[in-house]
Amino acid sequence: MRGTTSPNPPVGCAIVGPGGELIASAGTHPAGGPHAEAAALAVAGERARGATAVVTLEPCNHTGRTGPCAEALARAGVAEVVYLAADPNPVAAGGAEYLRGRGVAVRHLAAPVAALEPWLAAVRLGRPAVTWKYAATADGFTAAADGTSQWITGPVARERVHRDRARRDAIIVGTGTAIADNPSLTARRPDGSPYPTQPRRVVIGSRPVPPGNLAELGYEQYPDPQTALRELWDTGARDVLVEGGAELARSFLEADLVDFVQAYTAPAFLGAGRGVLAGAVAGTIADARRFAPARVELVGEDVLFEMRRKA
Ligand SMILES: NC(=O)c1ccc[n+]([C@@H]2O[C@H](COP(=O)([O-])OP(=O)(O)OC[C@H]3O[C@@H](n4cnc5c(N)ncnc54)[C@H](OP(=O)(O)O)[C@@H]3O)[C@@H](O)[C@H]2O)c1
């Protein structure tokens, strides 16, 4: 399940019988546990013989804490393996070649897998993939002139943000937000109960956070974005969410550290207040930080516009 597998990728695997019937399906277990293929094969047992395994990522070919998935698939007698994303990790790649060498038919159906995108980007970049999320009015304000900002978006959008937090390895805010808002930075259901997996809580900046703030579950503090990402990568995080505020978001954009954007836009106007970014990241339109549009969704009364780094 996404949010529990890092530093491993959140992979899905289905074992399908000759008539197209689903025999077993599974996702990667938390790090140290079985990968998706091993978990699905364990459920399928003898029925895997002659079946097709459909996997979202090329089966790995290396022995880490668990054995190589390519070997497990070949040993189980799977006749065909269809995989969607190629493994960019040089240590684990080569599963497709291994399987072909064992007489297994292998097909690469290059298709985007949304759940894998941050992990794939992280492996490519050698640091956690950064998603910057913000909520603003239609005219781009995240707080009113009097400083009030709760709530810009509606309950459906807020619920979605909490679900999304549960799938991330860490939530990052600046000291400005940690001091002013005392945010919980937890992933909670609408009834207030916490999701079973909680992201790490990270604060960036030098100012001390008042002892009462963020105290409930603890937090990590780093002096700047680069140090935070390095420490997070070294300790297994691959998929992190930057939730503001405006100054921290500007720092991430200026340092070219934003890979994905989630822009929640409310059908509301303020005309003045605090902008999404604290100051310019470009002085002229030709220098605007541009992203590739990925998806637009109506979330309750609000719009979620998802973007990703341009190729
Ligand atoms: N609507 C939304 O989506 C949303 C989301 C989050 C927050 N907010 C609002 O935003 C307000 C806070 O925003 P803010 O802009 O004042 O504060 P902020 O961005 O949360 O924090 C700013 C602080 O982050 C640290 N920082 C930023 N860039 C850095 C860099 N490159 N290197 C080192 N440290 C860096 C600095 O900390 P030090 O000064 O300690 O060194 C800086 O003072 C709150 O009132 C909150 O309500 C809105």
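When a ligand or atom number is given, it counts from 1 through the structure's own listing order. Sequence positions, counted from 1, serve as the residue numbers for this chain.
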Could you tell me if any non-hydrogen atom of [X] lies under 4.0 Å from any atom of ligand 1?
{"X": "A135", "result": "yes"}
{"X": "Q150", "result": "no"}
{"X": "P225", "result": "yes"}

Closer than 4.0 Å to some heavy atom of [X] - which atoms of ligand 1 meet that?
{"X": "D181", "answer": "44 (C), 45 (O), 46 (C), 47 (O)"}
{"X": "Y134", "answer": "3 (O)"}
{"X": "G205", "answer": "25 (C), 34 (N), 37 (O), 38 (P), 40 (O), 41 (O)"}
{"X": "L248", "answer": "19 (O), 27 (C), 28 (N)"}
{"X": "A246", "answer": "13 (O), 15 (O), 19 (O)"}
{"X": "S149", "answer": "47 (O)"}
{"X": "I204", "answer": "24 (O), 25 (C)"}

Checklist entry - What do we get for A136 next to ligand 1 when only non-hydrogen atoms under 4.0 Å count, side chain, backbone, both or neither? => result neither
Item to check | Within reach of ligand 1, part of R250 (heavy-atom separation under 4.0 Å) | outcome: neither
Checklist entry - In Å, rounded to the nearest 0.5 Å, how long is the span from CD1 of I204 to CD of E247? => result 12.0 Å
Checklist entry - Between T177 and ligand 1, does any nitrogen or oxygen pair lie at a separation below 3.5 Å? => result yes
Next on the checklist: Please report whether ligand 1 has a polar contact with G245, defined as an N or O pair separated by less than 3.5 Å (distance criterion only).
Outcome noted: yes
Checklist entry - Does the pair E254/R289 count as a salt bridge with the N-to-O cut at 4.0 Å? => result no
Checklist entry - Does NZ or CZ of R189 fall inside the cone over Y195's six-membered ring, less than 6.0 Å from its centre and within 45° of the axis? => result yes
